[in-house]
Amino acid sequence: MGAEVDAFRYVTFCIYFVLLFVQLILCCFPERPPLFSETVNDPNPCPEFSASFLSRITFWWITGLMVQGYRRPLEAKDLWSLNKEDKSEEIVPSLARNWAKEWAKTKSSEASLFKVLYKTFGPYFLMSFLFKAAHDLLMFAGPEILKLLINFVNNKAAPNWQGYFYTVLLFVCACLQTLILHQYFHICFVTGMRLKTAIVGVIYRKALVITNSARKTSTVGEIVNLMSVDAQRFMDLATYINMIWSAPLQVILALYLLWQNLGPSVLAGVAVMILLVPINAVMAMKTKTYQVAQMKSKDNRIKLMNEILNGIKVLKLYAWELAFREKVLEIRQKELKVLKKSAYLAAMATFTWVCAPFLVALSTFAVYVTIDKNNILDAQKAFVSLALFNILRFPLNMLPMVISSIVEVRLQSLTGRLRVFLSHEELDPESIIRGPITEGDRLFNYWDVPSSKAELCALYFSINFTVPEGSLVAVVGQVGCGKSSLLSALLGEMDKKEGYVVVKGSVAYVPQQAWVQNATLEDNIIFGREMNESRYKRVIEACALLPDIEILPTGDKTEIGEKGVNLSGGQKQRVSLARAVYCNADVYLFDDPLSAVDAHVGKHIFEKVIGPKGILKNKTRVLVTHAINYLPQMDSILVMCDGEISEMGSYQELLKQDGAFAEFLRTYANAEQSMENNGKLTNKFLWDKLVCGMLRESLYWDYMKAIGLFISFLSILLFMCNHIASLASNYWLSLWTDDPVINGTQQYTNVRLGVYGALGISQGLLGLSYFKIRGIFASRHLHLNLLHNVLRSPMSFFERTPSGNLVNRFSKEIDTIDSTIPPIIKMFMGSTFNVIGACIIILLATPIAAVIIPPLGLIYLFVQRFYVATSRQLKRLESVSRSPVYSHFNETLLGVSVIRAFEEQKRFIKQNDMKVDENQKAYYPSIVANRWLAVRLEYVGNCIVLFAALFAVMARNKLSAGLVGLSVSYSLQITAYLNWLVRMSSELETNIVAVERVKEYAEMEKEAEWSIEQTAPASTWPEEGKVEFRGYGLRYRADMDLVLKNINVTINGGEKIGIVGRTGAGKSSLTLGLFRINEAAEGEIIIDGINIAKIGLHDLRFKITIIPQDPILFSGSLRMNLDPFDQHSDEDIWRSLELAHLKNFVSSLPDKLNHECAEGGENLSVGQRQLVCLARALLRKSKILVLDEATAAVDLETDKLIQSTIKSQFEECTVLTIAHRLNTIMDYTSCLAKVWLRAKLLSHNFSFKLSCPFYHRMSESKGTSDKIFMYFCRPLFVLSIVKDKKQEHCLSQAQHQQ
């Protein structure tokens, strides 16, 4: 009688089971947010948050984006917003807080960045430990199930269900392993992404507060490298750091199971491993040494490239491209030398990587079969051991690499560049006391200058002065006497030694070299403040910007290029001034803003803005100036000399004192300053382009051609032979295990062992054909082409292309071609051959698998193609959104003093965070897409495992145990191979884009040839220096109007010509035409009978010299800045320095001519830089000299010295001077002064002579210098802006008066 059934329990159990099943199904659907949850106003939220459990573990939630990317190229607007916990505003403050705590605790070099990163990201990252441990344990289930399967095949009596059970178990384990592994990877990559966000954010915030002396130790190039390369290193480490405990765990488990299988003979294998570990470790450490050397060369190269791109106009004017190209290539050669060494080292590492597992297996099997004749190497022992040796391969090779990586990052966190940068001294916010004091507005006491100047001038201020509220104070003095440094001290940009500064209220600052953002004109003026229409209009009018806004393509909504490339010098200065005026501060600091505008505009600005009746009349104003005609209207004047205030008082008081200032005034009473520039207005920029669609196959072909086709195909052939040897050795092992056992032993053991060893060694030797060595040929070739093409590009290209894009090409893309692509190609080829090999072995063992492998292969290819469309576009979006991060950072570093003065740090930090988040918005879906793909493709691999085992079970009566072992052990590896193949093919697709981006510039328009042998002029040309313009016309771009029209004029050799006119009249355009920076639109320029359009650019530019408006120096010795081609002797250089009035200054320097100039010449004042440019011109001593407002930044006394030098040294030369001060032209009494006029005027070929009596009358005039200047300039000014009939009438009147 059966047992009694409890009906109630039975029914309730069934109900319970059904409910549990329903619950499981419901868990697979996404949950809705609670009814009372806070509303999220995100237009495009990330679906991950609302995805179900199943969707999350299989990454199904990203499928929508994948489908969209497959149908059409993705755009930035398709990307989801970042999760709240991945945004900069969440991550960066947290890291900054922890760093501040650590720094406060140690207050020294002991502060560990590693500890800080662990505190910030540790808790989330710890989850990955659990996943990794679970995955490692599951990994060993495969060999154990394989052992059971081989036993089942050998045991003919075993029931069939056992075989099917083992097959299903193998499949389930593989699937679980896949899901767990990719959750682990997801956590690692997200942590890496957060690490990068945090590091970039912290570097940006630090850059805003470090002192000037600290800025000098970290150049722009180095800081950009910190943001790109070092942040990337930390990011990569996140993926591998768990190997530090996972690798030993895997090794211990594998050895334990091997001992179970083969007994003590496993110790032979362990001995080989122990011997190989130090070899690997030494190679890993050596690789790191090479990496450090390579990083150093790379930093130097990027620093130099940054300077070349910033000073490209000067390079072109002086025809210095070749000299600087050689300097870059010299650094690059060192970099490639190190790369080559590390490539040979990598080839050795590959040899050990291939041989290590094999030698371990060989030594173990050899000892096992030789110590005892009765030890039989059967299928179970051989293939289970082989499966365990394959597992061992990875941790054994990873361990030294991970240890050295961690050592490197640990070293970096303690002593590395990033820690050093974050430990830099910060500006003391308490150095200035903000708030009211009883005596007046500000008091200023003893300060030291920033080290960037201290090194040169060793200036020490010892200053006391008070400025009453609402007064206008002028600061005057010679070049390099400390005027700008005084303003820097008032802004708190100096290292204060003692005393104090009090500033009442907010501050606005106008620097000497205008800083303009890459934003619209309106945004530049408003500068983050609220828009007040009436105030904005008033400011624009007062700063004389209305006529300029009318010319701009889209008015004040016109985008201003990087560093204000599409504005003239005067326009930039007025925008900078308007920014200060609009912000309505209490205290205004002006660092010589009037030097960059012409006299008429300067007068307008002084009257309407700075002067006693201007907009700022009730504000406190400190004006550094060289324009003495404004001094009578000042409330007070500070006269500076060698870092001290030599005199102080009102204009009248200083005249009564009859000191140095009064003498200075008497000498220059009739001088006036007027500086003009030429407006090049354009609203087109070449931002990084987003290329859509399929990658051209020709890219791979281009890369192979860059290596060399013969070498490329030879490498592929050797690689193939390497894998054939590997297959043969394993097939030989399966034949060995099937050898019959006679009298308890196997025959031919020694032959089997010998052939097995030979195949293994040949496999290692063939593996030496390492691809990275070939890759160096490609990177040398591609970098050389990129550099050459960029230097050959016309000036218009640099004006339209943000330097961030170009720096990105030379840093990130070249680094990818150097270090990333070669190993990826090697691993891609390795994975491809491994997968093909595994399929061949499975087909050999079970031919029926031919039914299932092709369909699985097709599914694999479809999924992969489906993924690549999205992945490639995401990578491109990420690449394109990376450039603005660098551009914005570069821009910030250039304008950091302005940002600090206006207290706009928070807004700039927010902008940087937005740009970084925008970049990570494209990066996050790409890492999830990688996981999405890997999960699906590993399932394809798991199916191959399933079918290999299933067919082996079905055909067990026909198959030998050796073939079953071989087939299943290969199928167990196929998942890993497929995983790698996918990763490497997508990595290759996304990284080969670097080749595309580097080659992109090869197709850009180029300027004319540098030298043309057939038409090269004689070495003595030009002998006379005669310049003729015949019907000459010039435009900046094909789609723009002519800037110069129909100029016909002849300048005889030796004449000294003054070129005057209002801003935008086309004066500088004329010099650009003469140097062929812009080619003629019509007509021609003839110099000594040769049409300059017919000769090479360098043939022309070497023969004429310019002293440019922007005095640009490059980092390097002073000698290199004067003579980069090393063509002149030291005596010549000292002579030119003496004539340029720099000899005393250079002699006082410790290193004399070898004195290191800082980046951009920042450790020299603007005036001193201008004198260095004069010394360059004196060295070249060419027949034609052009001065483009060359003395704008020097005081009147130095200007007079320069003019006398030019007069004596260039007596027989033709000199064209864009006049910026009246006394410049007054020196040309025996010559012609010509006026170049704009638009219609030039078609009248207007020029007139100024007779000597006219000059005489001017210089004798007893009126103020301002009246003299206006007497001279009024007719010229009216002429220079002819726009309509009424003004043409003024022209005729002016000519009549003449």
Side-chain angles (χ1 to χ4, degrees), residues 204-215 426-435 441-444 447 449-450 452-453 467 472-473 475 482-496 500-517 519 523-529 539 543 563-564 572-594 596 609-610 615-616 619-625 888 891-912 1162 1166:
Y204 187 85
R205 285 156 172 77
K206 183 73 181 181
L208 285 173
V209 293
I210 58 173
T211 60
N212 287 317
S213 49
R215 262 292 297 281
E426 296 182 7
L427 286 170
D428 179 13
E430 305 302 315
S431 66
I432 294 185
I433 303 163
R434 302 249 177 193
D441 194 5
R442 265 164 297 144
L443 186 68
F444 179 38
W447 292 68
V449 296
S452 59
K453 295 249 172 67
V467 180
L472 172 57
V473 176
V475 181
K483 302 184 294 297
S484 299
S485 302
L486 180 72
L487 293 194
S488 294
L490 293 175
L491 290 168
E493 299 271 321
M494 299 285 219
D495 309 322
K496 185 170 72 169
Y500 62 99
V501 180
V502 182
V503 177
K504 183 177 170 186
S506 57
V507 175
Y509 170 57
V510 181
Q512 188 170 7
Q513 288 183 303
W515 173 71
V516 181
Q517 273 187 282
D523 291 342
N524 265 291
I525 294 170
I526 292 173
F527 205 53
R529 285 162 171 73
V539 168
C543 295
K563 301 191 191 81
K572 278 192 275 193
Q573 194 59 274
R574 281 177 282 144
V575 169
S576 177
L577 184 69
R579 175 200 298 144
V581 178
Y582 184 83
C583 85
N584 200 17
D586 302 308
V587 177
Y588 283 83
L589 306 177
F590 299 106
D591 194 351
D592 203 9
L594 302 176
V609 180
I610 303 170
I615 296 187
L616 306 177
K619 309 284 185 182
T620 308
R621 291 141 294 160
V622 178
L623 172 70
V624 169
T625 185
H888 180 248
E891 193 174 77
T892 304
L893 288 175
L894 292 170
V896 71
S897 56
V898 177
I899 295 167
R900 291 200 282 239
F902 283 84
E903 296 183 327
E904 284 289 320
Q905 293 98 319
K906 280 184 183 166
R907 182 167 68 86
F908 274 80
I909 285 170
K910 197 174 176 186
Q911 275 183 9
N912 179 65
E1162 281 182 2
V1166 180

Exercise: identify the closest heavy-atom pair between A580 and V510: CB-CG2, 3.6 Å

Intermediate values then yes/no, side-chain contact (heavy atoms from CB on, under 4.5 Å), I899 and L208: CA-CA 8 Å; I899 295 167; L208 285 173; 4.3 Å; yes

Pi-cation contact, F902 with R529 (under 6.0 Å, within 45°): no

Shortest non-hydrogen contact between L623 and P593, atoms and distance: CD1-CD, 3.7 Å

Main-chain N/O of Q517 paired to N524 side chain as donor or acceptor, under 3.5 Å: yes

Any donor-acceptor pair under 3.5 Å from R900 side chain to L491 backbone: no

Distance in Å, Y204 OH paired with N912 CG, rounded so as to fall on 0.5 Å steps: 5.0 Å

Partners meeting side chain to side chain donor-acceptor pair (under 3.5 Å) with E426 (sequence neighbours left out): K206

Any residue meeting side chain to side chain contact (heavy atoms under 4.5 Å, CB included) with A578, in chain and number order, not counting sequence neighbours: I525, V539, C543, L545

Heavy-atom closest contact (L577 atom, F590 atom, distance): CD1-CE2, 3.4 Å

N/O donor-acceptor pair under 3.5 Å between W515 side chain and E891 backbone: yes

Results of side chain to side chain donor-acceptor pair (under 3.5 Å) for Q911 - residues two or more places apart only: H888

Partners passing side chain to side chain donor-acceptor pair (under 3.5 Å) against D591 (at least two apart in sequence or in another chain): S484

For the student: nearest non-hydrogen atoms of Y509 and L487, plus distance: CE1-CD1, 4.4 Å

For S897, all residues meeting side chain to side chain donor-acceptor pair (under 3.5 Å), sequence neighbours excluded: none

Audit row: V622, L589, side-chain contact (heavy atoms from CB on, under 4.5 Å) steps and yes/no: CA-CA 5 Å; V622 178; L589 306 177; 3.9 Å; yes

Any residue meeting salt bridge (charged side-chain N to carboxylate O under 4.0 Å, His left out) with K619, in chain and number order, not counting sequence neighbours: none

Side-chain donor or acceptor of R621 paired with backbone N/O of L616 under 3.5 Å: yes

Residue pair D592, K483: steps toward the side-chain contact (heavy atoms from CB on, under 4.5 Å) verdict: CA-CA 10 Å; D592 203 9; K483 302 184 294 297; over 6 Å; no

D586 backbone acceptor or donor facing S506 side chain under 3.5 Å: yes

Residue pair L490 / V503: nearest heavy atoms and the distance that separates them: O-CG2, 4.1 Å

